[in-house]
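Structure first, commentary second.
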Amino acid sequence: MREPNVIGDWQEYEEDCVGLRIRVHGLEKAEPPRGRDEAAEGLSYFRFRVTVENRSGDVVGIHLEDGQLDVRTGTEGEAVLLDWRNSQFIEGYDLYPLRRATAVLYAAAVEDTLSRVDIQVQLKADEDWTDRHLWAGDLTLAAPAEPAGETAAAAARPAAAADTGDNLACQISNFLRREAESGGPG
């Protein structure tokens, strides 16, 4: 079974898109952008970023818009309101080698479901669809700052060690810690 990525971790593409990698990061609560108060009534606004990096030697045309993202919250996987008017997508951008492009996305969901946030992304690169990848996170935990050279999961490890709850972020942290202690899979 494929495990979801933790918010902040990079996912490397294989086969046709060798050299591209992507990550979902910066998941945090946010104020509704101006003029969206009515649309978000009774919902909690949050934002996240999707960054694509080109580590290949070729220019790659990338495209990421609202139809290529699926955001779900809670244990039942409820759909969220993706605020496409205020989100900043990546549309038809030529990503040169050793460069990054970032989309900033706004969404809203019921406050009680924010302990589990799943974000699935399917990038379009040079007119070809890539595989879909899933990231999982928790908006109810205090978000640690992302230290240089570390993933968000590694930075959150000390806080997660003290938390014995059954939330998704705790389960993922415990799994990663067990894998690191046992020397990894295999």
Side-chain angles (χ1 to χ4, degrees), residues 1-30 39-40 43-55 60-93 95 100-141 143 146 151-153 156 166-176 179:
M1 181 169 106
R2 237 167 63 179
E3 297 291 329
N5 297 296
V6 176
I7 298 282
D9 284 349
W10 287 99
Q11 174 65 52
E12 305 276 340
Y13 284 108
E14 298 172 359
E15 297 173 15
D16 293 340
C17 297
V18 172
L20 280 186
R21 66 183 193 158
I22 187 170
R23 77 175 177 156
V24 173
H25 61 106
L27 179 67
E28 62 187 1
K29 289 189 179 181
L43 301 176
S44 293
Y45 244 82
F46 60 95
R47 74 175 155 237
F48 60 94
R49 290 170 171 73
V50 178
T51 298
V52 181
E53 182 178 61
N54 184 357
R55 301 171 87 186
V60 179
I62 60 171
H63 192 85
L64 180 66
E65 61 182 4
D66 61 337
Q68 296 165 250
L69 295 153
D70 194 5
V71 184
R72 304 280 170 165
T73 59
T75 57
E76 298 298 319
E78 298 173 27
V80 305
L81 167 71
L82 185 59
D83 186 352
W84 57 271
R85 282 188 183 162
N86 291 297
S87 295
Q88 301 161 349
F89 296 99
I90 304 170
E91 299 182 46
Y93 186 76
L95 189 60
R100 292 180 179 176
T102 299
V104 180
L105 302 131
Y106 287 88
V110 177
E111 178 75 30
D112 295 346
T113 64
L114 296 179
S115 63
R116 184 179 207 159
V117 179
D118 293 331
I119 302 169
Q120 184 172 273
V121 180
Q122 184 175 23
L123 183 68
K124 193 172 186 181
D126 285 337
E127 303 303 319
D128 294 322
W129 293 101
T130 63
D131 291 335
R132 286 187 302 269
H133 293 288
L134 178 69
W135 283 263
D138 184 343
L139 267 166
T140 61
L141 297 175
E146 291 184 32
T151 64
D166 278 336
N167 64 42
L168 181 62
C170 182
Q171 291 173 17
I172 292 170
S173 294
N174 288 337
F175 170 79
L176 293 172
E179 288 297 310

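Nearest heavy-atom pair across Ala30 and Arg47 is CB-NH1, 3.8 Å. Residues Ala108 and Val80 share a closest heavy-atom pair of O-CB, 3.3 Å. Contact between Asn5 and His133 at its shortest, heavy atoms only, is ND2-CB, 4.2 Å.
Looking only at side-chain heavy atoms (C-beta outward), Thr73 and Asp118 stay at 4.5 Å or farther from each other. Taking 4.5 Å as the limit, some side-chain heavy atom of Leu105 sits within range of a side-chain heavy atom of Phe89. In this structure, the side chains of Arg55 and Glu12 come closer than 4.5 Å at one or more pairs of heavy atoms. With contacts defined as side-chain heavy-atom distances shorter than 4.5 Å, the pair Glu28/Arg49 qualifies. Side-chain contact between Tyr13 and Val60: absent, with no pair of heavy atoms (C-beta onward) separated by less than 4.5 Å. Looking only at side-chain heavy atoms (C-beta outward), Val121 and Gln11 stay at 4.5 Å or farther from each other. Looking at heavy atoms from C-beta onward, Ile7 lies out of side-chain contact with Phe48 at the 4.5 angstrom threshold.
Side-chain atoms of Trp135 do not come within 3.5 Å of backbone N or O of Gly8 as any donor-acceptor pair. Asp138 places a side-chain N or O within donor-acceptor distance of the main-chain N or O of Thr140, the cut-off being under 3.5 Å.
Between atom OH of residue Tyr45 and atom NZ of residue Lys29 there is a gap of 15.0 Å, rounded to the nearest 0.5 Å. Annotation: the span from Leu43 atom CG to Leu81 atom CG amounts to 6.5 Å, rounded to 0.5 Å. A distance of 10.0 Å separates CD1 in Ile62 from CD in Gln68, rounded to the nearest 0.5 Å. Here the SG atom belonging to Cys17 is positioned 10.0 Å from the CG atom belonging to Asn54, to the nearest 0.5 angstrom. Atom CH2 of Trp10 sits about 6.5 Å away from atom NE2 of His25, to the nearest 0.5 Å. To the nearest 0.5 Å, atoms CD (Glu14) and CG (Asp131) are separated by 8.0 Å.
Applying side-chain contact (heavy atoms from CB on, under 4.5 Å) to Asp66 and the options Val71, Asp83, Leu82 leaves one that passes, Leu82. For the side-chain contact (heavy atoms from CB on, under 4.5 Å) test with Val50, the passing option among Leu64, Val104, Ile90 is Leu64; the others fail.
Residues Arg23 and Glu53 are not paired through a salt bridge, judged by the lack of any N-O separation under 4.0 Å between the basic side chain and the carboxylate.
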